[in-house]
Colleague: 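Below: one structure in structure tokens.
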Number of protein chains: 2
Amino acid sequence: MAKTSLSGFPEWLPSQRLIEQHFLNVLQNTFELHGFSSIETRAVEPLSELTRKGETSKEVYLLSRLQAAPGENEDPRKQLGLHFDLTVPFARYVLEYAGQLTFPFKRYQIQKVWRGERPQEGRFREFIQADIDVVGDGKLPLHYDAELPLIMHEALSALPIPQVLLHVSNRKVAQGFYTTIGVAEESLIEVLRVVDKLDKIGPEAVAQELEENVGLSATQAQLALQMAGITASNGEELEEKLRALLEQAGLEANELLEQGIGELAGVLEVAARRRPGALIADLKIARGLDYYTGTVYESELIGHEDLGSICSGGRYDSLASNGKRSFPGVGLSIGVSRLLARVIGAGLVQVSRPVPTAVLVAVTDEASRPVSEAVADKLRARGICADVAPTAAKFGKQIKFADKRGIPFVWFPAGVDEAGANGADSVKDIRSGEQVEADAATWQCPEQDLRVQVVPTQA
Amino acid sequence: MAKTSLSGFPEWLPSQRLIEQHFLNVLQNTFELHGFSSIETRAVEPLSELTRKGETSKEVYLLSRLQAAPGENEDPRKQLGLHFDLTVPFARYVLEYAGQLTFPFKRYQIQKVWRGERPQEGRFREFIQADIDVVGDGKLPLHYDAELPLIMHEALSALPIPQVLLHVSNRKVAQGFYTTIGVAEESLIEVLRVVDKLDKIGPEAVAQELEENVGLSATQAQLALQMAGITASNGEELEEKLRALLEQAGLEANELLEQGIGELAGVLEVAARRRPGALIADLKIARGLDYYTGTVYESELIGHEDLGSICSGGRYDSLASNGKRSFPGVGLSIGVSRLLARVIGAGLVQVSRPVPTAVLVAVTDEASRPVSEAVADKLRARGICADVAPTAAKFGKQIKFADKRGIPFVWFPAGVDEAGANGADSVKDIRSGEQVEADAATWQCPEQDLRVQVVPTQA
């Protein structure tokens, strides 16, 4: 990323922006192929909407007008903040336009969000999220819990990045298990929250917190840790491991746990059939601080585990509700800027040239600029990005300009000295030096499209 | 536009968003064909940058963190505001990254901007601008003053909107003329500002203000009005009209006026050759409150003059400067949201279907969902946007779902009753009712691409 003067607000140089554009195009294209409609919501929401869940209030940027009317900026009914994710605005959008939408409604949304957090590596104050969600009116079939992560995996696999593995769990499994082993209803959220810190603080510290702060017995804490340690690549393996754990404790799964196992096994089954290797069950995922009620997702960029999850989400029984109607949903969100900052920053991805322009048309003298313009227009009409030299400098200087910008071809209109005696146009590949006669109406540009790709690893 | 709960912050329904996406794609494509690089700048700038010109301070949205450290939100060095245009951030970007850019640097930038103005028709608090600018290091050839408006005209002409006429003038013509007729140097800006209100308050009010508030003589005021009344479609006509006016007053053009006429005539000449009918000289345009120093542009959406200019800009001798280096530029900006709100609001534009999805694959029963998924995946692999029915409802209900969403085709996998006895897949155009046998690996979708087009006028 370009070195920026404002910490936490990343900006790209033009060549890096091409990589970002490619990423966004790939995501958009995949989402549309799967029948998702694009929406954008306004950048601002009423503060009351943004802080409804309470816990994110510290991240919100408030807005005020520099020359507001007296009291205007203090009127809580009028206070606006920048959205910090795309879920809260989407929930509001669904309620606001429910009468004009068709359910189940599948939407994708790629926008910037803002969080007033302390900036650090991989954490920005302004960043792009790419979300897909499907939301139903009253009910939403379970098959979407398997489809959505697979679509995200397809989209991520189409990007020039390391492989992504999606980790999946189900809140009903965790909650069902905890109640099965005797955790009290009112401690459930706290247990989820503590176990969620497993990767960060390690099993000993989690056990200690569960016992000392939440009041679990040593046995319960160990069982919770053992459950959280379970991973499985299919439903059978999942069920086996869970039942073995319960059996060892002399317990039997309660109804919620059975339901959770069923749902999670169903997701694994579809995934194994449609995208083998894309998903793994990983019971330590709880996303305890969010409003998910069933399936939950996180992800791992293979070889970049330190980056944390770059794609997360889950199922919520009530994404939005207006009292009369309730809208369940399931969805995932990619942290695009975090992902880009890593792959660009680590030099893992490259673009075939740093500008859209494929051809620079040379100019002999200002009087003949119209000739060069006409050539460029002919190329453009055929979809070839062309620029005309800024000045009629010596050809060596014009070639140097193309080279400096990273434009691979320089075109010499007919009659120009460089074009040779026969009076035809010619085009030069300035990297190889090869120059051939060419007609702007028919020339096939060998590099019309930009390619964004993984940097080959050194042998 | 969708009826929104927050005045001034427009939001689109999914079908309208398709129109917006089409507009943005067309603009982006045109700009790239002409060799412009995309950049995005962060949404925020230091308040000191935003208010440097003074006059726009009333429009700025200030940011503060909800849980800021004591004093943080009041520290003027740390105060941030949302950008209100893309020119101020671009100037900052050029200075910040000058060492990594190649000049002349051509960039396009399509982003949302925010202004805390009172919302009214065509004036939003959040809206999209699409800018192109070329900026030089120290100097910038004059031919760009002709090229950039023509590229904008090409882009606008590729949109499904009424015809656009660009109006062009040159600040040197106006200022040179005013000094030629004896207006004092220190009154120039004020005269420009008053004459700029011509369309709004009419010639009598302008003359009165020029005489009473700025101190022009009645003769000077009348000459200023006559000059502002001049339009011309080529350089000769322009020169003739201006010289006739001066002759009648017994005056001779000064050097600045001669220079302005030369520059403006040059722009008209190129325009007449490359895009006849795209540009007209219109000397009342001054854009007096901006920082332009030469060519200035406004535009007229034919038949929608009440909308005001939807595309404006100009040349600035010093877009950015750091004391040592100065960066002259020329550019134009389209008010995309204002344009969209008009053409969508007036029903002038339509999209061939309201969703990206072209095909809904029916589902016989949940057990055979994998069959339907496989069909959809085959279609997607060939670039056809496909969705699978949310539930295995009766086929009539599935067709109704497609109809309600605006999906034109419903696909029946082989073996399904609807598909007929021969066991092949079939696809139904639900608008005509026509149903044909089809193979997902080869079927040509008659409406693969969405079309966004002008609504035909009623006969």
Side-chain angles (χ1 to χ4, degrees), chain A residues 2 4-6 9-14 17-18 21 32-44 57-58 60-67 81-82 93 96-97 100-102 104 106-107 112 114 116 126 141 143 273-274 355-357 369-370 373 380 383 385-387 390-391 404-405, chain B residues 2 4-6 9-14 17-18 21 32-44 57-58 60-67 81-82 93 96-97 100-102 104 106-107 112 114 116 126 141 143 273-274 355-357 369-370 373 380 383 385-387 390-391 404-405:
Chain A
T4 168
S5 57
L6 213 54
F9 292 88
E11 282 182 338
W12 304 113
L13 291 170
R17 166 71 179 151
L18 289 171
Q21 285 180 296
E32 289 185 358
L33 280 174
H34 283 272
F36 288 77
S37 284
S38 170
I39 69 161
E40 289 203 342
T41 56
R42 61 192 188 218
V44 305
S57 60
K58 71 176 182 306
V60 173
Y61 274 114
L62 277 178
L63 254 57
S64 57
R65 294 201 308 132
L66 187 52
Q67 297 203 353
L82 294 174
Y93 184 96
E96 192 158 341
Y97 308 113
Q100 293 150 283
L101 302 174
T102 308
K106 295 167 79 174
R107 83 87 172 81
K112 286 182 183 150
W114 293 269
E126 174 179 69
H143 60 79
R273 190 181 72 234
R274 299 195 69 192
V355 288
T357 322
R369 180 171 289 276
E373 282 168 354
R380 290 169 189 145
C385 297
D387 204 349
T391 64
K404 207 171 162 201
R405 289 210 83 181
Chain B
T4 168
S5 57
L6 213 53
F9 292 88
E11 282 181 338
W12 303 113
L13 291 170
R17 167 69 180 154
L18 289 171
Q21 286 181 296
E32 289 185 358
L33 281 174
H34 283 271
F36 287 77
S37 284
S38 170
I39 70 162
E40 288 203 344
T41 56
R42 62 192 186 216
V44 305
S57 60
K58 71 177 182 307
V60 173
Y61 273 114
L62 277 179
L63 254 58
S64 57
R65 294 200 308 131
L66 188 53
Q67 297 203 353
L82 293 174
Y93 184 95
E96 191 157 342
Y97 309 113
Q100 293 150 283
L101 302 174
T102 308
K106 296 166 77 174
R107 85 85 174 80
K112 285 182 184 151
W114 295 269
E126 173 179 70
H143 61 79
R273 190 181 73 234
R274 300 194 68 191
V355 288
T357 321
R369 179 171 290 277
E373 282 168 354
R380 290 169 189 144
C385 298
D387 204 349
T391 64
K404 206 172 162 200
R405 289 209 82 181

Colleague: Side chains of A:L63 and B:L82, heavy atoms from C-beta outward: is any pair under 4.5 Å?
Modeller: yes
Colleague: Can you tell me how far the CD atom of B:Q100 sits from the CG atom of A:L13, to the nearest 0.5 Å?
Modeller: 4.5 Å
Colleague: Look at A:A43, A:A386, A:G35, A:S38 and state which one has the largest set of heavy-atom pairs under 4.5 Å with chain B.
Modeller: A:S38
Colleague: Can you say whether A:P141 sits under 4.5 Å from chain B via the side chain, the backbone, both, or neither, judging by heavy atoms?
Modeller: side chain
Colleague: Does a side-chain heavy-atom distance below 4.5 Å link B:R42 with A:P10?
Modeller: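 Side-chain contact under 4.5 Å: no.
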Colleague: Rounded to the nearest 0.5 Å, how far apart are CG of A:D387 and CZ of B:F36?
Modeller: 7.5 Å
Colleague: Between B:W12 and A:Y93, what is the shortest heavy-atom contact and its length?
Modeller: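 Distance-wise, the nearest heavy atoms are O-OH, 2.6 Å.
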Colleague: At a heavy-atom separation under 4.5 Å, does A:E373 approach chain B through its side chain, its backbone, both, or neither?
Modeller: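 Looking at A:E373, backbone and side chain both touch chain B.
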Colleague: Closer than 3.5 angstrom, by distance alone: can the side chain of A:R17 be matched with the main-chain N or O of B:I39 as a donor-acceptor pair?
Modeller: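 Absent.
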Colleague: Which atoms of B:R107 come close to chain A, meaning under 4.5 Å heavy atom to heavy atom: side chain ones, backbone ones, both, or neither?
Modeller: neither
Colleague: Out of A:R273, A:H34, A:K106, A:K404, which one racks up the most heavy-atom pairs below 4.5 Å with chain B?
Modeller: A:H34
Colleague: Are the side chains of A:E32 and B:Q21 in contact, using a 4.5 Å heavy-atom criterion?
Modeller: yes
Colleague: Identify which part of B:E126 has an atom lying under 4.5 Å from any heavy atom of chain A, answering side chain, backbone, both or neither.
Modeller: side chain
Colleague: Pick from A:G383, A:G81, A:P370: which one has the most heavy-atom pairs with chain B under 4.5 Å?
Modeller: A:P370
Colleague: Measuring from B:R405:CZ to A:S37:OG, what's the distance to the nearest 0.5 Å?
Modeller: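 Answer for the CZ-OG pair, B:R405 versus A:S37, is 5.0 Å.
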Colleague: Atom CD in A:E11, atom CD in B:E40: separation rounded to 0.5 Å?
Modeller: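 Between A:E11 CD and B:E40 CD, I get 10.0 Å after rounding to 0.5 Å.
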Colleague: Within this structure, what is the OG1-NE2 distance for the pair A:T391 and B:H143, rounded to the nearest 0.5 Å?
Modeller: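 It is 7.0 Å, given to the nearest 0.5 Å.
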Colleague: Measure distances from B:P390 to the heavy atoms of chain A and classify the residue's part below 4.5 Å as side chain, backbone, both or neither.
Modeller: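 For B:P390, backbone and side chain are both near chain A.
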Colleague: Mind checking the CG-OG1 spacing from B:L33 to A:T357? Nearest 0.5 Å is all I need.
Modeller: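 Separation between the atoms: 10.0 Å.
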Colleague: Given heavy-atom pairs under 4.5 angstrom as the criterion, report whether the side chain, backbone, both or neither of B:K112 touches chain A.
Modeller: side chain
Colleague: Can you tell which part of B:L18 gets under 4.5 Å to a heavy atom of chain A, answering side chain, backbone, both or neither?
Modeller: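 Neither part.
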